[in-house]
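One structure is given below, encoded as structure tokens.
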Protein chains: 2
Amino acid sequence: MAEPDTVTRILDTAEVLFAERGFAETSLRNITSKANVNLAAVNYHFGSKKALIQAVFARYLDPFTLRFHAALDELEAQHRHDGSTIPLEELLETMARTVLEVPAERHSLKVFMRLLGLAYSQAQGHLRRYIQEQYGSVFRRFTELVRRATPELPDAERFWRLHFVLGTVIFTLSGLDALRDIAEQDYQDHVSVRDLVRRLRPVVVSAMQAPLPELPAQEAV
Amino acid sequence: MAEPDTVTRILDTAEVLFAERGFAETSLRNITSKANVNLAAVNYHFGSKKALIQAVFARYLDPFTLRFHAALDELEAQHRHDGSTIPLEELLETMARTVLEVPAERHSLKVFMRLLGLAYSQAQGHLRRYIQEQYGSVFRRFTELVRRATPELPDAERFWRLHFVLGTVIFTLSGLDALRDIAEQDYQDHVSVRDLVRRLRPVVVSAMQAPLPELPAQEAV
DNA sequence: ACACTGTTCAAACGATTGTTTCCAACTGTT
DNA sequence: AACAGTTGGAAACAATCGTTTGAACAGTGT
């Protein structure tokens with residue numbers, strides 16, 4: 001088998017170690033020694049550790065945004081000539097399918113989700129800002145379609161609910177290994193990622209379609 | 001005003017810095033200089049940085065478990081003499097009330113939630129293990145009550161759904177500041193923590209009561 | 001007065017971090 | 001074959017990390 005080139009070996013090793021231990025807890029020496037490349041290679045090829053982290057994300061997110069845009073194009077085309085709005089279930093289904101599809105090619109979904117979870121829980125959130133700036137457009141397109149699919153929801157309410165379910169998905173899938181251990185020993189429940197997605201589906205839909213909250217209690221202190 | 005003692009000053013400063021920047025990214029020198037105590041004070045009073053982190057959690061979780069046990073006692077007593085089972089909404093309501101109540105006294109709920117989020121997203125999860133071991137009993141008691149409140153759910157399904165909503169709550173409240181910024185500038189929506197809890201209520205209830213997923217791939221091996 | 005306790009302090013320890021330097025090895029063009 | 005430019009590698013860089021040390025300090029009891 002032909003050895004992958006240095007850049008690829010670094011990325012492959014880095015994403016696994018980052019996912020396992022976090023960014024600050026993973027040293028460049030850790031990565032380079034496990035990847036069998038020289039320590040200086042990271043700074044040579046990527047410039048800095050921070051740039052390496054962003055490169056790891058880009059390798060997942062670039063193909064994801066591409067495919068997701070394509071999938072949304074197709075979805076919109078289907079519903080254009082009959083003039084119907086895309087139902088919420090189809091939107092969520094499309095997103096789920098794309099998320100499952102992308103890393104399945106070469107990388108691991110578990111790693112991808114763990115990285116996303118880390119990015120969002122990251123301290124001052126300069127990673128979250130990077131993701132928001134770099135990939136915010138596809139997210140805005142998605143939310144606009146969700147808006148048309150759920151006209152009964154006030155804009156602010158929909159915004160929060162989308163983040164509620166985002167939390168559910170990222171939290172669950174990024175902590176998958178630990179949760180799976182507990183589930184197996186407590187309930188003899190052997191669950192795959194696809195099982196989990198199947199379990200998530202009705203929960204997410206119900207969450208989005210939940211009744212509106214009662215009117216805000218008297219604000220002001 | 002009387003200066004709090006050294007231990008308290010360290011804890012007060014540490015929890016804020018940990019919540020802002022994470023555990024690995026916050027150095028002891030950072031904490032001690034801001035708290036106006038000597039660097040060696042941390043190792044003297046707590047033994048190690050890891051022990052300090054656990055102490056920060058204990059200061060939140062110890063009073064929480066105490067009050068939550070008491071609240072559940074009261075709830076069970078109310079429903080004992082009329083023989084009814086405690087409805088899910090009341091269970092969730094009680095938990096929410098306790099969570100809001102505890103840090104309100106002296107510390108910040110935002111900090112508490114951020115710490116919880118960090119603990120769960122933490123790498124190898126030795127913090128999660130610590131929390132699980134130290135405070136697992138109150139969580140098990142709660143899940144057992146939820147079990148009686150939702151007899152129609154298979155055990156495994158309820159387990160996963162509880163973690164789904166746990167993800168929603170922790171993810172949302174721990175990333176509150178960043179999300180609030182976006183919400184305000186995009187929707188002129190000024191939310192307080194209590195607003196968010198009000199918004200969470202119907203979503204969480206609907207998520208727990210969502211229809212069962214379509215037929216399992218292969219349940220019960 | 002002394003000894004004993006718990007606490008604070010400045011200084012240093014060894015280890016590890018991200019990054020840079022300098023030279024050898026290689027690649028492709030002339 | 002000779003050169004120029006790119007890539008690889010071992011070593012060193014300065015900075016920062018958590019932790020330890022030993023002395024000074026303040027009370028308390030005898």
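A note on names: the letters A, B, ... follow the listed sequences, proteins ahead of strands, and every chain is numbered from 1.
The interatomic distance linking B:K50 (NZ) with D:dT19 (C1') rounds to 14 Å, in whole Å. In this structure, the CZ atom of A:F46 is 14 Å from the C1' atom of D:dT7, given to the nearest Å. In this structure, A:I31 atom CD1 and C:dT16 atom P are separated by 17 Å, rounded to whole Å. Computed from coordinates, the B:R21 CZ to D:dT16 C1' distance equals 14 Å when rounded to whole Å. One atom, CD1 of B:I10, and another, P of C:dC9, lie 10 Å apart when rounded to the nearest Å. D:dT16 atom P lies 16 Å from atom CD of B:E25, rounded to whole Å. The interatomic distance linking B:N30 (CG) with D:dT19 (C1') rounds to 17 Å, in whole Å.
Put simply, B:H45 has no side-chain N or O that comes within less than 4.0 Å of OP1 or OP2 on C:dG6. Proximity of B:T6 to the phosphate of C:dT8: a side-chain N or O atom is located under 4.0 Å from OP1 or OP2. Taking side-chain N and O atoms only, B:S27 has no distance below 4.0 Å to OP1 or OP2 of D:dT16. The phosphate of C:dG18 (OP1 or OP2) has no side-chain N or O of A:S48 nearer than 4.0 angstrom.
With D:dG8, D:dT20, C:dT17 as the candidates, the nucleotide lying closest to the side chain of B:N43 is D:dT20. Relative to the side chain of A:K49, the nucleotides D:dT20, C:dG18, C:dT7 differ in distance, and C:dG18 lies closest. Candidate nucleotides D:dC17, C:dG18, C:dT19 were compared by shortest atom distance to the side chain of A:L39, and C:dT19 ranks first. Of the candidate nucleotides D:dG18, D:dG8, C:dC9, C:dC9 has the atom nearest to the side chain of B:N38. Of the candidate nucleotides C:dT19, D:dT19, C:dT7, C:dT19 has the atom nearest to the side chain of A:R29.
For B:T143 (side chain) and B:R140 (main-chain N/O), a donor-acceptor pair under 3.5 Å exists by modelled atom type.
Between A:Y60 and A:F112, the angle of the ring planes stays under 30°, which puts this pair in the parallel group of the 30/60° scheme. By the 30° and 60° cut-offs, the orientation of the rings of A:F68 relative to A:F64 is parallel.
For A:A40 and A:Y44, each mapped to the nucleotide of DNA chain D holding its nearest heavy atom, the one lying further toward the 5' end belongs to A:Y44.
If you look at B:F23 and B:F18, their ring centroids are closer than 6.0 Å.
The heavy-atom pair separating B:R180 from B:S192 by the smallest distance is NH1-CA, 4.1 Å.
Within the nucleic acid shown, A:T32 has no heavy atom closer than 4.0 Å to any nucleic acid atom.
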